[in-house]
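One structure is given here, and the rest of the page talks about it.
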Amino acid sequence: MTGINLFQILNGLTFAALLFIVASGFTLIFGLLRIVNLAHGALYLIGGLAGYSVAEASGSAALGAVAAMALVALLGAVLERGLMRFVRGAELRQVLLTLGVAFILDDIALVIWGGDTFTVPVPAMLQGAMQIGGVFYPKFRIFVLALGVIVFAALWLLLNHTRLGALIRAGVDDPEMVEASGINIRRVFLGTFMLGCALAGLGGVIGGAFLTLYPTADAEILVFSLAVVIIGGRGSLVGAAVGALLVGLLNSIGRVMFPELAYFVIFGPMALLLAFRPLGLFGKTA
Amino acid sequence: MATPISQAAPSYEARTRPSHVVGWIALAAVALIALPLVLPSYQVSITTQILIFSVLAMSIDVLAGYGGRTTLGHGAIFGASTYVVIYWTAVLGGGIWTGVALGILCATLLAAVFALLAIRTSGVYFLLLTLALGMIVWGLCLRWTSVTGGENGLRGIGRPEFIADHISFYYAVLLVVAPVTWAMWRFVHSPFGLTLRGIRDSESRMRSLGYNVPLHLFIAFVASGFFAGIAGALYALFNNFVSPSTVQLSQSVAALLMAITGGVGTLLGSFVGATLIIALENVVSAFTARWPTVLGVTFVLIMIFAPEGVVGRVRILLSRRRKRQSSESLN
């Protein structure tokens with residue numbers, strides 16, 4: 001019995017790591033740029049599928065991941081520079097515009113890759129299982145867990161301990177003053193946007209390896225990411241991590257106990273939390 | 001602070017004489033009644049669909065245009081009603097009218113749950129919350145296979161004999177949609193509706209005037225859910241089939257797009273929006289299977305170029321012309 005429980009907990013933790021990677025990109029863009037990018041799920045899907053194609057063609061999953069991140073970051077740049085500039089400052093119009101983009105990207109993915117289910121190949125050194133506390137657990141999932149922690153640490157260091165991070169934070173508080181001190185704030189924001197999108201692409205490749213990719217995968221990951229950000233509070237890296245852990249663990253426990261109602265198990269705590277903290281655990285008023 | 005999608009269109013009362021309104025409504029009524037006499041039955045069926053989705057779009061406009069709360073969860077409320085009607089009649093073998101009543105009731109209750117959770121937020125946060133709540137309903141319908149039939153959906157038992165054919169069903173829907181539209185019109189133009197508009201424009205001011213802002217928004221949300229539930233029940237009769245795609249996000253998106261295309265805050269603009277979007281869908285689907293792309297592109301273009309919608313734009317142009325005329329007459 002304990003073996004099964006540990007297995008579920010590990011499943012929850014690794015799913016949480018994936019959720020964190022995807023949701024951190026979302027919350028980064030949401031919190032710092034005040035843009036709700038509802039195309040995030042579609043970028044995840046496109047990234048994953050592109051990563052799959054590159055990995056299959058080249059035989060290297062790492063190359064697939066890099067290609068996915070680059071492609072999705074590029075798409076993000078086109079979105080930010082090409083479309084978002086028309087609706088700058090109008091929050092709701094921005095959100096709805098990204099929603100339109102999500103529909104277009106999904107449809108494009110359907111045209112290119114069709115409606116099949118794809119699994120991104122796992123590199124040979126991460127295949128197989130290892131023994132942890134008496135259970136055999138897939139190595140790749142442990143790798144995902146580690147990657148989640150690395151992404152968290154890297155983002156935290158970037159935002160809090162680098163010049164770029166200081167610029168981003170300053171740009172959020174007072175973009176005009178940052179401009180006045182001779183810095184191209186639009187370029188900083190564009191970079192942040194691309195970074196957030198690249199995280200969605202990375203998530204797509206990883207999610208594609210252990211959750212598989214199919215036409216509605218984008219909507220599912222989007223609702224999980226939204227739950228994470230709503231629970232954690234917008235723009236908070238720590239909030240995203242806590243939210244991801246909560247949603248990931250609840251989801252894997254819910255799947256075992258109430259297989260058909262797993263969605264409801266994440267909904268319950270979210271509802272409870274919102275009743276007391278409408279802006280999430282770590283959310284601040286704008 | 002609620003952030004409206006676009007600047008509020010000039011209000012209706014400010015510019016239109018009552019005699020004009022009555023004239024236009026009479027004209028529209030005659031046209032709608034005469035329609036099945038001139039259109040082939042397939043087009044009558046599409047017009048029925050337009051009427052049903054107009055109600056859904058108007059229910060969204062009640063919240064978005066008057067309460068300043070743009071929602072992406074109404075597709076789920078609408079679809080919940082559809083699911084209940086079909087489940088009640090096809091699986092449990094209940095009567096169709098009880099099913100319709102239960103469907104509307106369930107949609108209203110679901111809206112109350114959504115409202116309790118989302119009402120304290122506004123703007124983008126409200127949008128995200130309703131989006132997440134709606135998607136949870138979708139996930140539930142997709143996964144709860146033993147009840148909802150999963151991806152295969154549920155098939156209904158068909159309409160009662162007297163409204164079985166397209167034309168009599170069209171008139172039945174018209175007979176429901178007309179009073180429902182009137183009810184929504186009364187609702188948003190009542191003192192309650194004025195208070196809602198006050199909340200949309202300045203929540204803090206309304207609060208300091210002593211209005212119970214959350215209660216007003218709650219009532220508006222529940223009423224809006226009730227109307228969406230009526231649309232959903234009609235859709236159950238219309239479509240005779242329900243699957244997760246009825247509650248999925250694109251349903252909410254399409255309905256919101258109809259409300260926006262018509263003009264948020266114009267209520268009756270939803271008819272224009274529903275007509276344009278459904279007509280576009282039918283035309284596009286005749287040539288290509290890429291309807292989602294067209295929907296997405298339409299959404300992007302409207303957000304960039306015409307966020308005030310067709311009716312909203314016409315009103316702005318009219319009020320400009322009126323201003324010009326009145327300044328000319330002063331000179």
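Lettering follows sequence order; numbering is per chain, from 1.
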Considering all heavy atoms, the nearest [X]-[Y] contact:
X	Y	value
A:Val229	B:Tyr125	O-OH, 4.1 Å
B:Met303	A:Leu97	CG-N, 3.9 Å
A:Leu38	B:Leu72	CD1-CD1, 4.4 Å
A:Ala219	B:Trp138	CB-CH2, 4.1 Å
B:Pro292	A:Phe103	O-CB, 3.8 Å

Would you mind checking which part of [X] comes under 4.5 Å of any heavy atom in chain A, side chain (CB onward), backbone (N, CA, C, O), both or neither?
X	result
B:Leu127	side chain
B:Leu116	neither
B:Thr121	side chain
B:Leu129	both

Please look at [X] and chain B and tell me whether the side chain, the backbone, both or neither of the residue comes under 4.5 angstrom of a heavy atom of that chain.
X	value
A:Phe224	neither
A:Val87	side chain
A:Leu226	side chain
A:Ala227	neither

### Task
Identify which of B:Leu117, B:Val297, B:Ile136, B:Thr298 forms the greatest number of heavy-atom pairs closer than 4.5 Å to chain A.
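The candidate making the most pairs under 4.5 Å is B:Ile136.
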### Task
Find the one option among A:Leu105, A:Val36, A:Leu222 whose heavy-atom pairs under 4.5 Å with chain B are most numerous.
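Greatest number of close heavy-atom pairs with chain B: A:Val36.
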